[in-house]
*Asks:* 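First, the structure itself, so that you have it in front of you.
In what follows, chains carry the letters A, B, and so on, assigned in the order in which the sequence lines appear, proteins first and then strands, with residues in each chain numbered from 1.
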There are 2 protein chains.
Amino acid sequence: MNQSPQSMRVCEGSLFSDLDRETADALLNAATYRQIAEGMTLFHQGDAPSQLFQVVTGLVKLSRVSTDGSQTTLRFMGPGELVGCVAVFQQFPFPATAIASKPCSLLCWGASQILDLIHRYPPVASNALKTVGGRAREMIERVTDLSAKGVEARLAGVLLRLASQVGRNSPDGVEITHPVTRNDMAEMTGVTYFTVSRVLSAWQRQQIVRLGRERVIVIEPHRLAQIAD
Amino acid sequence: MNQSPQSMRVCEGSLFSDLDRETADALLNAATYRQIAEGMTLFHQGDAPSQLFQVVTGLVKLSRVSTDGSQTTLRFMGPGELVGCVAVFQQFPFPATAIASKPCSLLCWGASQILDLIHRYPPVASNALKTVGGRAREMIERVTDLSAKGVEARLAGVLLRLASQVGRNSPDGVEITHPVTRNDMAEMTGVTYFTVSRVLSAWQRQQIVRLGRERVIVIEPHRLAQIAD
DNA sequence: CGTGCTCTTTGCGCTTGCGCAAACAAGTCC
DNA sequence: GGACTTGTTTGCGCAAGCGCAAAGAGCACG
């Protein structure tokens with residue numbers, strides 16, 4: 001694990017926030033660095049939580065199948081984000097499946113190692129707590145959105161979230177591309193991809209977005225924000 | 001704070017799990033004990049997280065209003081449960097409002113004290129992490145239910161959850177009563193209370209439940225479980 | 001004991017979003 | 001280039017659940 005100290009700064013809001021040199025080193029030394037090809041799965045829903053991951057580069061999709069077999073995409077996880085934290089810290093089977101949507105490089109910790117580190121370094125525990133808390137808050141937000149907001153508002157929210165997380169700037173606006181399909185948006189919004197397509201088409205007619213295959217360009221984010229309410 | 005050691009044993013799966021005598025005492029000594037009348041609010045959504053609560057007796061309702069003004073009931077919190085943990089541990093404004101649905105007795109900690117305790121006693125941090133993780137898991141579950149399952153399945157789940165949490169045994173089955181109204185069930189399920197009433201009426205016709213004002217008696221839990229899928 | 005309040009039920013019309021089928025792109029692999 | 005795969009769009013009919021209105025049922029209070 002020979003990674004420069006600066007690289008820790010990338011990991012804002014994660015396990016590495018505000019650590020002294022020694023603690024950060026202990027954390028880094030306990031990790032292994034791994035490359036993963038697109039399409040490989042990090043873990044399956046229901047697996048024992050044996051490893052914790054931090055995305056360094058690439059993109060991981062977290063999805064979940066409910067008892068009746070239908071898929072839900074919980075979210076995408078990009079650089080700096082901790083994949084599997086809820087399960088590992090709680091020693092509970094993974095509630096979702098994690099698949100690399102793009103080739104990824106990851107930091108990996110064994111469950112027992114990371115629990116030990118947490119126990120030994122209070123600042124790490126504090127960071128873990130904040131990360132898990134953030135996840136909880138995010139899900140609370142989604143629960144209220146799902147039960148209170150209409151489809152358009154939810155989809156607008158998903159689009160904005162995706163734009164800020166996996167979007168790239170393009171001349172016309174922020175571009176959401178490749179691994180994210182209409183289907184993903186549908187699963188994140190809790191509707192069918194037919195509905196997503198229809199709503200997006202309507203927005204294209206209003207010049208709010210521009211569409212293409214595996215491509216949505218957000219032209220007027222503020223109008224989306226307004227729709228998301 | 002003169003509470004007998006046994007009383008800690010009640011608080012299974014909470015901050016007090018598996019603590020040695022000294023740590024548990026420190027935790028208890030830092031807390032104040034408070035009584036609250038029915039209808040009083042512990043905190044409002046958006047408030048700075050200045051206090052953490054543990055319900056000792058009574059029942060607290062956690063609800064949230066979304067941007068468009070509609071209410072969502074996140075859950076009820078009964079004896080042993082930590083109210084406000086996500087916000088306090090993360091030092092983020094309360095994402096919901098907490099109101100006493102029944103007269104309550106509570107243990108209260110100031111935010112800074114509890115954060116200090118967490119920092120000083122790793123086992124407490126570990127418990128906090130588990131509690132928040134549990135909340136996150138619960139919300140993940142609800143997100144997938146909301147986006148994948150139909151209304152009946154969701155309502156069946158809510159009913160079972162309520163039965164096990166606030167239900168009392170009665171000759172005919174488990175009885176969900178007083179502070180819980182159809183409206184609450186509706187907000188927990190993400191539907192209107194009209195729909196709740198209609199579905200419950202249908203179930204009553206099938207002898208799955210018996211209904212009354214502010215009262216649902218679950219006669220056949222296994223059939224609900226089956227509907228909940 | 002009636003009045004008022006809150007919670008609940010039910011009927012009816014209607015909107016929203018789903019389900020399916022079919023057609024249409026845009027790559028990709030021989 | 002042609003066949004195939006995968007993702008997307010669109011039309012049409014349908015069903016689930018909403019919204020409103022109106023009425024019923026407990027319960028509390030004077």
*Asks:* Of the residues in residues 156-168 of chain A, which ones touch DNA chain C at a heavy-atom distance under 4.0 Å?
*Replies:* none
*Asks:* Round to a whole Å and report the spacing from CG of A/Leu200 to P of C/dA25.
*Replies:* 18 Å
*Asks:* Let me know the distance between CZ of B/Phe194 and P of D/dA21, rounded to the nearest Å.
*Replies:* 10 Å
*Asks:* May I have the list of side-chain donor-acceptor pairs in residues 88-99 of chain B shorter than 3.5 Å, sequence neighbours left out?
*Replies:*
from	atom 1	to	atom 2	distance (Å)
B/Gln90	OE1	A/Arg137	NH1	2.3
B/Gln90	NE2	A/Lys130	O	2.7
B/Thr97	OG1	B/Gln45	N	2.9

*Asks:* Calculate the interatomic distance between A/Leu155 atom CG and C/dT16 atom C1'; express it in whole Å.
*Replies:* 15 Å
*Asks:* Taking side-chain contact (heavy atoms from CB on, under 4.5 Å) as the definition, give me every residue that meets it alongside B/Val174, ordered by chain and number, with sequence neighbours left out.
*Replies:* B/Ala163, B/Asn169
*Asks:* Let's see if you get this right: which residues in residues 212-221 of chain A place a heavy atom under 4.0 Å from DNA chain D?
*Replies:* A/Arg213, A/Glu214
*Asks:* Within the 4.5 Å heavy-atom criterion, are A/Leu15 and A/Ile114 side-chain neighbours or not?
*Replies:* yes
*Asks:* What pairs with A/Thr67 under side-chain contact (heavy atoms from CB on, under 4.5 Å), at least two apart in sequence or on another chain?
*Replies:* B/Lys149, B/Asp229
*Asks:* Starting at CZ of A/Arg198 and ending at C1' of D/dG11, how long is that distance when rounded to a whole Å?
*Replies:* 8 Å
*Asks:* Looking at residues at least two apart in the chain, or sitting in another chain, which of them share a side-chain contact (heavy atoms from CB on, under 4.5 Å) with B/Ala228?
*Replies:* B/Ala156
*Asks:* Identify, with sequence neighbours excluded, every residue that meets side-chain contact (heavy atoms from CB on, under 4.5 Å) alongside B/Lys102.
*Replies:* B/Leu59, B/Pro179
*Asks:* In this structure, how many angstroms lie between the P atom of C/dT8 and the CG atom of B/Leu211, rounded?
*Replies:* 10 Å
*Asks:* Just checking B/Ser201: base, sugar-phosphate only, or nothing, at a heavy-atom cut-off of under 4.0 Å?
*Replies:* sugar-phosphate
*Asks:* Run the side-chain donor-acceptor check on residues 71-86 of chain A: report pairs under 3.5 Å with partners two or more places apart or on a different chain.
*Replies:*
from	atom 1	to	atom 2	distance (Å)
A/Thr73	OG1	A/Glu187	OE1	2.6
A/Arg75	NH1	A/Glu138	OE1	2.7
A/Arg75	NH1	A/Glu138	OE2	3.0
A/Arg75	NH2	A/Glu81	OE1	3.2
A/Arg75	NH2	A/Glu81	OE2	2.4
A/Glu81	OE1	A/Gly78	N	2.7
A/Glu81	OE1	A/Gln165	NE2	2.8

*Asks:* Quick one: CZ on A/Arg168 to CD1 on A/Ile176, what's the gap to the nearest 0.5 Å?
*Replies:* 11.0 Å
*Asks:* Could you tell me how far apart A/Glu38 (CD) and D/dT6 (P) are, to the nearest whole angstrom?
*Replies:* 14 Å
*Asks:* Return the value, rounded to whole Å, for the distance between atom CZ of A/Arg210 and atom P of D/dT8.
*Replies:* 18 Å
*Asks:* Could you tell me which residues satisfy salt bridge (Lys or Arg N to Asp or Glu O under 4.0 Å) with A/Arg64, sequence neighbours excluded, listed by chain and number?
*Replies:* B/Glu141
*Asks:* With a 3.5 Å cut-off and sequence neighbours excluded, list the donor-acceptor pairs that the side chains of residues 197-214 of chain B form with protein atoms.
*Replies:*
from	atom 1	to	atom 2	distance (Å)
B/Ser201	OG	B/Ser197	O	2.9
B/Gln206	NE2	B/Ala202	O	3.4
B/Arg210	NH1	B/Asp172	OD2	2.8

*Asks:* Quick one: list whatever passes side-chain hydrogen bond (donor to acceptor under 3.5 Å, both in side chains) with A/Ser164, sequence neighbours left out.
*Replies:* none
*Asks:* With respect to the side chain of A/Val151, which nucleotide from D/dG19, C/dT8, C/dG17 is positioned closest?
*Replies:* C/dG17
*Asks:* Among residues 175-192 of chain B, which contact DNA chain D at a heavy-atom distance under 4.0 Å?
*Replies:* B/Val191, B/Thr192
